[in-house]
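By convention here, the first residue in the shown sequence is residue 1.
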Amino acid sequence: MIELERETLNNFLKVAGKLSVTEYGRLLGIERTRFFRLMHGADMKVKELVSIQLYIKKQKGESVDWSDVMGKLVRESETASYSGGESEGVFQFERYKRLRGIINQTAAQAA
């Protein structure tokens with residue numbers, strides 16, 4: 001998930017432009033210290049991913065295609081299952097399905 005989070009954050013920064021950490025936090029509705037931690041590699045919460053994706057979509061920016069990323073994780077998980085190995089792909093896929101449902105619901109409410 002880290003690469004997905006990083007790509008999402010980079011797309012947000014492109015769309016939002018150069019602002020202060022406080023201004024980024026206000027745009028997303030999160031604390032500036034939390035945004036600072038995200039910029040320095042902290043794991044994102046689902047709510048934060050949703051906020052960033054919605055902001056990018058509202059600004060007509062390039063959002064991350066989560067389907068591709070999650071599809072890759074599922075394929076890797078299936079490969080690991082057949083070889084007897086453990087993978088977190090299944091967990092990530094379940095998280096993706098829940099996240100996709102939240103995003104769709106939030107986008108419908110915003111429209």
Side-chain angles (χ1 to χ4, degrees):
M1 273 309 264
I2 298 299
E3 66 187 65
L4 175 62
E5 293 169 353
R6 177 61 47 200
E7 188 175 342
T8 300
L9 192 55
N10 286 338
N11 288 344
F12 167 73
L13 294 173
K14 286 178 193 173
V15 170
K18 187 171 173 82
L19 301 171
S20 70
V21 174
T22 302
E23 292 168 321
Y24 287 133
R26 282 188 196 140
L27 285 177
L28 298 173
I30 62 175
E31 293 290 325
R32 66 187 179 103
T33 54
R34 178 66 185 152
F35 187 80
F36 179 85
R37 287 192 296 272
L38 292 175
M39 292 289 297
H40 290 88
D43 288 340
M44 283 187 196
K45 298 175 186 174
V46 171
K47 179 181 174 183
E48 294 161 345
L49 276 169
V50 170
S51 294
I52 292 171
Q53 283 291 89
L54 287 175
Y55 181 83
I56 292 170
K57 286 183 180 187
K58 284 180 184 176
Q59 301 302 318
K60 307 284 191 239
E62 179 183 331
S63 60
V64 176
D65 184 356
W66 295 5
S67 302
D68 283 349
V69 174
M70 296 314 297
K72 180 181 173 190
L73 285 173
V74 169
R75 286 189 298 278
E76 289 172 1
S77 173
E78 289 171 351
T79 302
S81 296
Y82 293 130
S83 64
E86 294 290 325
S87 174
E88 73 173 43
V90 172
F91 170 77
Q92 294 294 351
F93 183 68
E94 291 301 318
R95 182 178 179 205
Y96 162 74
K97 289 193 306 189
R98 289 191 307 272
L99 182 59
R100 177 55 75 191
I102 291 168
I103 290 171
N104 289 340
Q105 184 180 30
T106 307
Q109 292 173 353

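Atoms NZ and CD1, from K47 and I102 in turn, are 11.5 Å apart once rounded to the nearest 0.5 Å. With rounding to the nearest 0.5 Å, the separation of CZ in R37 from CD in E31 is 9.0 Å. To the nearest 0.5 Å, atom CZ of residue F35 and atom NE2 of residue H40 are 10.5 Å apart. A distance of 11.0 Å separates CG of L27 from OG1 of T22, quoted to the nearest 0.5 Å. In this structure, the separation between NZ on K18 and OH on Y24 is 7.0 Å, given to the nearest 0.5 Å.
Of the listed residues (I30, L28, V15), just one forms a side-chain contact (heavy atoms from CB on, under 4.5 Å) with I52, and that residue is L28.
Under a cut-off of 6.0 angstrom, the local environment of CD in E23 is crowded, with over 12 non-hydrogen atoms contributed by other residues, nucleotides or ligands. Other residues, nucleotides and ligands place more than 12 heavy atoms under 6.0 Å from the CZ atom of R34.
Across D43 and E48, no two heavy atoms sit closer than the pair O-OE1, 4.3 Å.
In this structure, R6 and L9 have side chains that are in contact, with non-hydrogen atoms separated by less than 4.5 Å.
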Evaluate the criterion side chain to side chain contact (heavy atoms under 4.5 Å, CB included) for residue pair L13 and M39; output intermediate values, then yes/no. CA-CA 10 Å; L13 294 173; M39 292 289 297; 3.7 Å; yes
